[in-house]
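Worksheet for the structure shown next.
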Amino acid sequence: MQKDIFIGDVQSGDHDGQQIELKGWINRTRGSNKIWFVVLRDSTGRIQCVAKREDVGDDTFEALKGALIESSVIITGTVNVDERSEGGHELVVDSATIVGPVNPENPFPITESAMANAEGGETEFLLDNRHLYLRTARMTQMLKIRSSVFGAIHGYFRDREFTEYQAPNFVAGAVEGGSTLFEVPYFGRKVYLTQSWQLYAEAAMPALERLYTVAPSFRAEKSRTRRHLTEFWHAEMEIAWAGNEDVMVHGEGVVRHIAQTLLDERSDELTELGRDLELVARYADNPYPRIRYDEAIETLQGMGVDIEWGQDLDYSKEKVLTKDFDVPHFLTHYPRIAKPFYHRPDPDDPKYVLCHDLLAPEGYGEIIGGGERTWSEQEIIERLEEEGTPREPYEFYIDVRKYGGVPHGGFGLGVDRVCSWLSGADHIREVIPFPRDSRRVTP
RNA sequence: GCCGUGUUAGCUUAGUUGGUGGAGCGGCGGACUGUUAAUCCGCAGGUCGCAGGUUCAAAUCCUGCACACGGCGCCA
């Protein structure tokens, strides 16, 4: 029952002249009453199958001719090298079995016209039919790129003796501002879906010292932008005995490793999606500069942007700032008043915190947020009070600092954002199979 | 929460100063022995988002509503 032969291998020339069996789905058909062409698709590629009525007989010929797009079929035949066929190979059909037919009353809805406008952002129709859109070439390429990004993240951390560690998804307290939490009924109480693995990772930091995860995070932001999802995949790391600069080294390291992995594993897919490989290579090969928040403010003010010291950098300002960047840049040392309690104030000047954001070029914006953590009990209590944040949900977090607190830090990386940026997608929705935003939870 | 745009066949869309809604793709039937988004002929398929209003007459003008999309704030 398992299949032995994949179309990609046939197109590579592994089966020239052989009699083989192919299993797949019908992608296109065309032909006449005497000769019928079926373009067969599987997860590895497409190949044209040619059936001649005089060779296959009337029954097989009519069965193939009546099989609609996306019917699943088993076709046997001989592999023929032929320049006229896409990919240089074709299958001369001996016999064919329709495994899963498609009813003409409900033909496959993802037509050429439905796809025509999809490249500039996906239409409502394609989002409604996401479960079927997944099998188109474009989504297949995106999903393979996504898989390589996930693999690269695990590879980077595991190669450097990080331990993969899991945190709960039901939590009692916020990491970011309280307004972005999803409430969940929980046996008569209210709990929240996690926004980040970080606080629970800090608890395990004294045990594991170097730890990471790739997991979903949830944020109830009503954002309607090309960079936001309510459920997104978050790659986070935490490292003991480390400062802001040490953490940035890993942030830069993992992002450059992802870019290099895509060049090694997915250059065909990137090219087919229209991505310029030279850009991806630039992101893999070059160091990412660091700029302090104060420098960024001065630069923006010099450009005539209306911004004052102490303001966080919103997207419109990020965009102006990164306009001339040709690689990602780290922005460091934000004002203390602009960042949450867990960021450690800079001992050299407590107006600032030891933090960093990594801003991607081409208008993709922030892909990493991280920094050094507030690690003494005294300091974390001060920071919570200063912010007006209630202590109760964070008692465990404070408790951890009573017993051998050490300097440490970490970052969170938006995996979907990285997929979007490196693949050159127009919208973050394009890189995740079933995107969730403030309006859409189906299919 | 705010600003903007839109909703016509399964899909993509045309529709002029208000006067009985057209096309391409997809589907069905037919022709065609090498097609490449095949081509050619024919057929079916429409509560013009919903509810009111103006008018002899509304897809078209007015009001309200719904939904969608784009963008902003916030962030990864």
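Labels below follow one simple rule: chain letters A, B, ... track the order of the sequence lines, proteins then strands, and each chain is numbered from 1. Just the heavy atoms: all of them, side chains too, but no hydrogens, waters or symmetry mates, feed the values below. In this text, all values refer to a predicted model and were calculated from it rather than measured experimentally.
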What donor-acceptor contacts under 3.5 angstrom involve side-chain atoms of residues 95-109 of chain A, with partners at least two apart or in another chain?
residue: A:S95; atom: OG; partner: A:T76; partner atom: OG1; Å: 2.6
residue: A:N103; atom: OD1; partner: A:E105; partner atom: N; Å: 2.8

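Ring centers of A:W233 and A:F218: at least 6.0 Å apart, outside the cut-off.
If you take atom P in B:A66 and the same atom in B:G30, they sit 50 Å apart, rounded to whole Å. With both ends at atom P, the span from B:G53 to B:U13 equals 33 Å, rounded to whole Å. B:U60 sits 16 Å from B:G6 when the C1' atoms are compared, rounded to a whole Å.
In this structure, A:E236 reaches neither bases nor backbone, as no heavy-atom distance under 4.0 Å exists between it and the strands shown. Among the atoms of the strands shown, base atoms are found under 4.0 Å from some heavy atom of A:E54.
For residues 31-50 of chain A, the pairs satisfying salt bridge (Lys or Arg N to Asp or Glu O under 4.0 Å) are A:K3-A:D42, A:R41-A:E70, A:R46-A:E86, with sequence neighbours left out.
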Dot-bracket for RNA chain B, 5' to 3', with Watson-Crick and G-U pairs under 3.5 Å, [ ] for crossing pairs and | for other-strand pairs: what is it? (((((((..((((.....[..)))).(((((.......))))).....(((((..]....))))))))))))....
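The side-chain hydrogen bond (donor to acceptor under 3.5 Å, both in side chains) check on A:R160 picks up nothing, with sequence neighbours excluded. Taking A:K319 as the reference, A:Y315 meet the side chain to side chain contact (heavy atoms under 4.5 Å, CB included) condition, with sequence neighbours excluded. Residues satisfying the side-chain hydrogen bond (donor to acceptor under 3.5 Å, both in side chains) criterion with A:D9, sequence neighbours excluded, are absent altogether.
Taking only side-chain nitrogens and oxygens, A:R224 never comes nearer than 4.0 Å to OP1 or OP2 of B:C72.
The distance between atom CZ of A:F37 and atom C1' of B:U33, rounded to the nearest whole Å, is 8 Å.
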